[in-house]
Chemist: 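Please find one structure pasted underneath; my questions will follow.
Being a predicted model, the structure only gives us computed values, none of them experimental. Each chain gets a letter, A, B and so on, in the order the sequences are listed, and its residues count up from 1. Values reported hereafter were calculated over all heavy atoms of this structure, with side chains retained and with hydrogens, waters and symmetry mates removed.
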2 protein chains.
Amino acid sequence: MDPLGFEHHDHRRCVAAALAAAEAHCERHRLNLTPVRRRVLELLLEGHRAMGAYDILDHLRAEGLGAQPPVAYRALDFLVRHGFAHKIERLNAFIACTHPETDHTPAFLICRGCHAVAEAHAEPTRGMLGRAAADLGFEIEEAMVEALGRCPNCREAEAAPCA
Amino acid sequence: MDPLGFEHHDHRRCVAAALAAAEAHCERHRLNLTPVRRRVLELLLEGHRAMGAYDILDHLRAEGLGAQPPVAYRALDFLVRHGFAHKIERLNAFIACTHPETDHTPAFLICRGCHAVAEAHAEPTRGMLGRAAADLGFEIEEAMVEALGRCPNCREAEAAPCA
DNA sequence: TCTAGAAATGTTACAGCATAACATATGGAG
DNA sequence: CTCCATATGTTATGCTGTAACATTTCTAGA
């Protein structure tokens, strides 16, 4: 049930709740959650994984919501700008934010095996990076942290291939 | 003179030293630093900034060292695999490593103003990310840290535009 | 020395990711 | 009602990256 991790959970419910929260947030902040934008967010939430812009576009096309790349990219841009989704640079892909509202620097744990992605918090500004930046006089405005590795499910599958 | 930072320094010397070190390292480890690979490393060192694969390729072409993308990508791949260069995902670009030999997780400070890039150390495995990964049972194999912001030079230029 | 294999390079062709530029529509403020 | 800002639609193109196969080069072993 933990949306941060690799466990199974009640997916319909988590999608619905996230969408409702996004709607409320847009209402409060006078943001225009148009049909395309809403649908793209829904697709990301349903997919519950990192999706390429062209994956998204395929769905939009099939639903008559837009046939050209810019349509998908603009919607994704809106979602990322307002914290409803993140871009994962390492994958050239996008994923719904698992804890919008809270201001955060996301850190992604990307499984090499099943390509699942978990979102954790990071505070790269503290610790070595912050100190290095301060020493150099560099002002960090935005940071991204992405880790590649093995999720517990894939590690288990590897350890016990005959189970 | 500090190769980690945004300061000016004796560039010819730093290029020559880095190249010599790379040659020695390849010698010791029976790695094949071919002319193309060596030249690509040299280009990265001379450029002293993040360079796209196609920037590199343009130089190689002009020098008759290879005309097609795979030539550049293969050389870059070799350099990255063996720690002589890093890929900066955020920029789809490559940069010479400023402290090869030492085993490290690089963290990049990318200036939005002048696009200079400094390389710092990071240990994302310690701290919040490591704890989150441990909690989830995720095994981190490789991590990437990239920060966007302002280097001291650009901050100064911004603060005193008439100076 | 000859030869088989590994490693590196060369080349074609294409796949995947992203945006510039311009046209059209839609919705609210004055 | 008109103007402006915002959003969408579309064309075209540019940048990033790789699969697949041919050729060359080097080296280890028969």
Side-chain angles (χ1 to χ4, degrees), chain A residues 22-23 26-27 29-41 43-44 47 49-82 84-95 110 115 144 146 148, chain B residues 22-23 26-27 29-41 43-44 47 49-82 84-95 115 144 146:
Chain A
E23 272 165 359
C26 287
E27 184 79 15
H29 293 77
R30 303 262 187 276
L31 296 175
N32 196 353
L33 189 63
T34 63
V36 185
R37 291 168 177 177
R38 192 194 134 95
R39 182 59 183 137
V40 171
L41 176 55
L43 286 167
L44 288 175
R49 60 197 169 81
M51 298 175 75
Y54 280 70
D55 293 341
I56 299 285
L57 184 55
D58 287 343
H59 287 275
L60 296 181
R61 239 179 221 139
E63 299 169 16
L65 276 172
Q68 263 52 50
V71 173
Y73 280 103
R74 283 168 186 153
L76 288 165
D77 199 57
F78 170 89
L79 296 173
V80 168
R81 263 197 337 265
H82 294 100
F84 300 120
H86 299 292
K87 178 167 188 187
I88 301 184
E89 297 290 339
R90 185 77 190 223
L91 302 177
N92 293 319
F94 301 83
I95 195 165
I110 306 167
H115 304 111
M144 93 194 45
E146 298 175 9
L148 252 57
Chain B
E23 272 166 359
C26 286
E27 184 80 14
H29 292 78
R30 303 260 187 277
L31 296 175
N32 196 351
L33 190 62
T34 64
V36 184
R37 291 169 177 176
R38 193 193 134 95
R39 182 58 182 138
V40 170
L41 176 55
L43 286 168
L44 287 176
R49 58 195 168 82
M51 299 176 75
Y54 281 72
D55 293 341
I56 299 285
L57 184 56
D58 288 342
H59 286 275
L60 295 182
R61 240 179 219 138
E63 298 168 17
L65 275 172
Q68 263 54 50
V71 173
Y73 279 102
R74 285 169 188 153
L76 288 166
D77 199 58
F78 171 88
L79 295 174
V80 168
R81 264 198 336 264
H82 294 101
F84 300 119
H86 298 292
K87 176 166 190 188
I88 300 183
E89 297 289 341
R90 183 73 189 225
L91 303 177
N92 293 320
F94 301 83
I95 194 165
H115 304 110
M144 222 190 69
E146 297 176 11

Chemist: Rounding to a whole Å, what distance do you find between A:Asn92:CG and D:dC15:C1'?
Modeler: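 A:Asn92 atom CG is separated from D:dC15 atom C1' by 12 Å.
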Chemist: Could you check how far CG of A:Leu76 sits from C1' of C:dT19, rounded to whole Å?
Modeler: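 Atom CG in A:Leu76 sits about 14 Å away from atom C1' in C:dT19.
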Chemist: To the nearest Å, how far apart are B:Leu57 CG and D:dG17 P?
Modeler: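 From B:Leu57 CG to D:dG17 P: 13 Å.
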Chemist: Rounding to an integer number of Å, can you tell me how far B:Leu33 CG sits from C:dA8 C1'?
Modeler: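 In whole Å, C:dA8 C1' and B:Leu33 CG are 13 Å from each other.
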Chemist: Please check if the side chain of A:Arg37 supplies one atom and the backbone of A:Ala75 the other of a donor-acceptor pair under 3.5 Å.
Modeler: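 Checking the backbone N and O of A:Ala75 against the side chain of A:Arg37, no donor-acceptor pair under 3.5 Å is found.
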Chemist: OP1, OP2 of D:dG17 versus side-chain N and O of B:Tyr73: anything below 4.0 Å?
Modeler: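 The answer is yes; a side-chain N or O of B:Tyr73 sits under 4.0 Å from OP1 or OP2.
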Chemist: Quick one: is A:Lys87 getting a side-chain N or O under 4.0 Å of the C:dC17 phosphate, OP1 or OP2?
Modeler: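 No, A:Lys87 has no side-chain N/O under 4.0 Å of OP1/OP2 on C:dC17.
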Chemist: Over how many whole Å does the gap from B:Tyr54 atom OH to D:dT13 atom C1' extend?
Modeler: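 Going from OH in B:Tyr54 over to C1' in D:dT13 covers 14 Å.
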Chemist: Do NZ/NE/NH1/NH2 and the carboxylate oxygens of A:Arg74 and A:Asp77 come within less than 4.0 Å?
Modeler: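 So A:Arg74 does not pair with A:Asp77 through a salt bridge.
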Chemist: For residues B:Ala50 and B:Leu91, report the shortest heavy-atom separation together with the two atoms involved.
Modeler: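 It is CB-CD1, 3.9 Å.
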Chemist: I'd like to check the ring-ring contact (aromatic ring centres under 6.0 Å, His included) partners of B:Phe84; sequence neighbours left out, ordered by chain and number.
Modeler: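 ring-ring contact (aromatic ring centres under 6.0 Å, His included) list for B:Phe84, sorted by chain: B:His25.
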Chemist: From CG of B:Leu60 over to P of C:dT9, roughly how many Å is that when rounded to an integer?
Modeler: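 Result: 11 Å.
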Chemist: What pairs with B:Phe78 under ring-ring contact (aromatic ring centres under 6.0 Å, His included), at least two apart in sequence or on another chain?
Modeler: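 Residues passing ring-ring contact (aromatic ring centres under 6.0 Å, His included) with B:Phe78: B:His82.
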Chemist: Using atom CG of A:Asp55 as one end and atom P of C:dC17 as the other, report the distance to the nearest whole Å.
Modeler: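 Going from CG in A:Asp55 over to P in C:dC17 covers 7 Å.
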Chemist: To the nearest angstrom, how far is A:Ile88 atom CD1 from C:dA18 atom P?
Modeler: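 In whole Å, C:dA18 P lies 12 Å from A:Ile88 CD1.
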Chemist: Do you know which two heavy atoms are closest between B:Asn92 and B:Lys87, and how far apart they sit?
Modeler: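 Taking B:Asn92 first and B:Lys87 second, the nearest heavy atoms are CA-CE, 4.4 Å.
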Chemist: Assign a letter to each nucleotide of nucleotides 5-11 of chain D from its 5' end: B, base within under 4.0 Å of a protein heavy atom; S, sugar-phosphate only; -, no contact.
Modeler: --SBBBB
